[in-house]
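Below, read A as the first sequence line, B as the second, and so on, with proteins coming before strands; counting in each chain starts at 1. These values consider heavy atoms only, across backbone and side chains, with no hydrogens, waters or symmetry-generated copies.
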Number of protein chains: 2
Amino acid sequence: MTAPRTQIARAEVLCRERGVRLTDQRRRVLEILCAAGRPVGAYEIMDAMREGPRVVAPPTVYRALEFLLEQGLIHKIESLHAFVGCDHPEHPHSSEFLICLECGGVAELKDDAVERSLASVTRESGFLPRRRVVEVMGICARCARKEACRRKEEAERSPGPVD
Amino acid sequence: MTAPRTQIARAEVLCRERGVRLTDQRRRVLEILCAAGRPVGAYEIMDAMREGPRVVAPPTVYRALEFLLEQGLIHKIESLHAFVGCDHPEHPHSSEFLICLECGGVAELKDDAVERSLASVTRESGFLPRRRVVEVMGICARCARKEACRRKEEAERSPGPVD
DNA sequence: GGTCGGCACGTTATAAGATATCATGGCGTC
DNA sequence: GACGCCATGATATCTTATAACGTGCCGACC
Ligand SMILES: [Zn+2]
Ligand SMILES: [Zn+2]
Ligand SMILES: [Zn+2]
Ligand SMILES: [Zn+2]
């Protein structure tokens with residue numbers, strides 16, 4: 001994962017290069033997303049922005065999110081109605097996400113095999129792809145380990161019926 | 001695509017086998033989804049149900065949808081906030097969808113390559129997958145053909161500037 | 001310098017999607 | 001006939017997202 005500061009700096013550069021404006025509101029939304037390092041809903045972003053100088057309304061947040069999505073600086077996680085900062089915004093892309101049901105963490109993949117297989121199956125059916133949504137819900141490695149430990153300890157303490 | 005009638009009949013059998021009840025409300029929702037042959041939102045389903053004997057409220061629809069999802073008789077399309085009947089409900093599964101931005105049509109895939117590549121990349125990172133969401137937005141073959149024809153005719157009528 | 005147009009943002013209201021909570025009623029068990 | 005389970009009814013509320021219209025800044029152009 002990239003440090004939030006770095007992400008903002010990179011975004012500044014990219015926007016300048018592209019001749020688009022990373023305004024205060026837009027930067028603020030991006031900062032909140034990058035600092036969180038996890039998916040954040042639009043209204044949660046709004047609440048976070050209220051901490052700042054002025055109160056904002058939903059359209060303000062959604063407009064900033066729309067801009068950041070267009071510029072490929074963030075992604076939307078459809079299955080969570082939430083947004084995350086992108087780790088590799090240089091070339092806007094669709095991406096794959098692993099979403100932990102336990103801790104809520106999200107990992108952004110960039111897997112050629114998945115992309116290739118999707119590309120080939122769409123091509124076969126004459127379908128022209130524009131945007132991919134690939135989200136896998138499950139248990140992340142860390143939570144799986146934790147769970148395994150918990151179970152083991154429990155078993156040692158009371159070696160009763162095992163399920 | 002399977003005929004709506006067949007789909008309902010199959011659902012009846014499956015539910016009986018599994019010892020769960022495909023009640024009137026649940027069957028009605030499934031019928032609406034199968035008859036539509038495209039993604040339908042919960043509130044649209046609700047409106048369709050109002051045509052029938054009694055008025056229903058959102059929880060009724062959502063409860064029916066929850067049941068049908070659990071039984072693998074329908075799928076939810078996350079990026080559309082909508083639901084579709086499943087073409088192969090015998091073995092509940094995650095599936096891949098091709099969604100046309102032009103006509104709104106949805107095709108349910110069942111592609112081993114996509115599944116395998118996803119499985120391998122998750123396994124590598126120690127992630128335990130539970131549910132997959134794979135939705136590709138784009139232009140379906142039919143709409144692409146139509147669009148191509150339209151362009152060609154236009155070009156023949158006025159062979160002006162070509163883009 | 002004035003005016004015009006585009007863009008970002010503010011403000012209010014509302015649409016669209018989803019759930020919490022409690023009540024009712026059928027139906028099989030004991 | 002009392003009890004418990006399950007599906008549904010009914011009401012309210014919550015969350016997510018957008019529509020519509022107004023204001024102010026800023027650079028382009030005359
Ligand atoms: Zn990314
Ligand atoms: Zn986790
Ligand atoms: Zn299916
Ligand atoms: Zn189409």
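- Checking side-chain atoms of R26(B) against main-chain N and O of R21(B) turns up a donor-acceptor pair under 3.5 Å.
- One can place CZ of R27(A) at 14 Å from P of dA8(C), the figure rounded to the nearest angstrom.
- Between E102(A) and R142(A) there is no salt bridge, since no side-chain N of the basic residue sits under 4.0 Å from a carboxylate O of the acidic one.
- The separation between R28(B) atom CZ and dT8(D) atom C1' is 16 Å, rounded to whole Å.
- In this structure, CE of M46(A) is placed 13 Å from P of dT12(C), rounded to the nearest angstrom.
- Using modelled atom types, one side-chain atom of R10(A) and one backbone atom of D87(A) make a donor-acceptor pair closer than 3.5 Å.
- Judged purely by atom type and a 3.5 angstrom limit, S117(A) uses its side chain to pair as donor or acceptor with the backbone of A113(A).
- The nearest whole Å value for the distance from the CG atom in L68(B) to the P atom in dT8(D) is 10 Å.
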Tell me, with the steps shown, if E108(B) and V84(B) meet side chain to side chain contact (heavy atoms under 4.5 Å, CB included).
-> CA-CA 9 Å; E108(B) 179 176 351; V84(B) 287; 5.6 Å; no
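- For R26(A), the side-chain atoms get nearest to dA8(C) when compared with the rest of dA8(C), dG10(C), dT8(D).
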Is there any protein nitrogen or oxygen under 3.5 Å from a nitrogen or oxygen in nucleotides 10-18 of chain D, and what are the pairs?
residue : atom : partner : partner atom : Å
dA17(D) : OP1  : K76(A)  : NZ           : 2.8
dA17(D) : OP2  : Y62(A)  : OH           : 2.9
dA17(D) : O5'  : Y62(A)  : OH           : 3.3
dA17(D) : N7   : Y43(A)  : OH           : 2.6
dA17(D) : N6   : Y43(A)  : OH           : 3.2

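- In this structure, CZ of R21(A) is placed 11 Å from C1' of dG27(D), rounded to the nearest angstrom.
- To the nearest angstrom, P of dG17(C) lies 14 Å from CD1 of I77(B).
- A donor-acceptor pair is defined here as one N or O able to donate and one able to accept, closer than 3.5 Å; such a pair exists between the side chain of E135(B) and the backbone of E78(B).
- Rounded to whole angstrom, the span from the CG atom of D24(A) across to the P atom of dC25(D) amounts to 15 Å.
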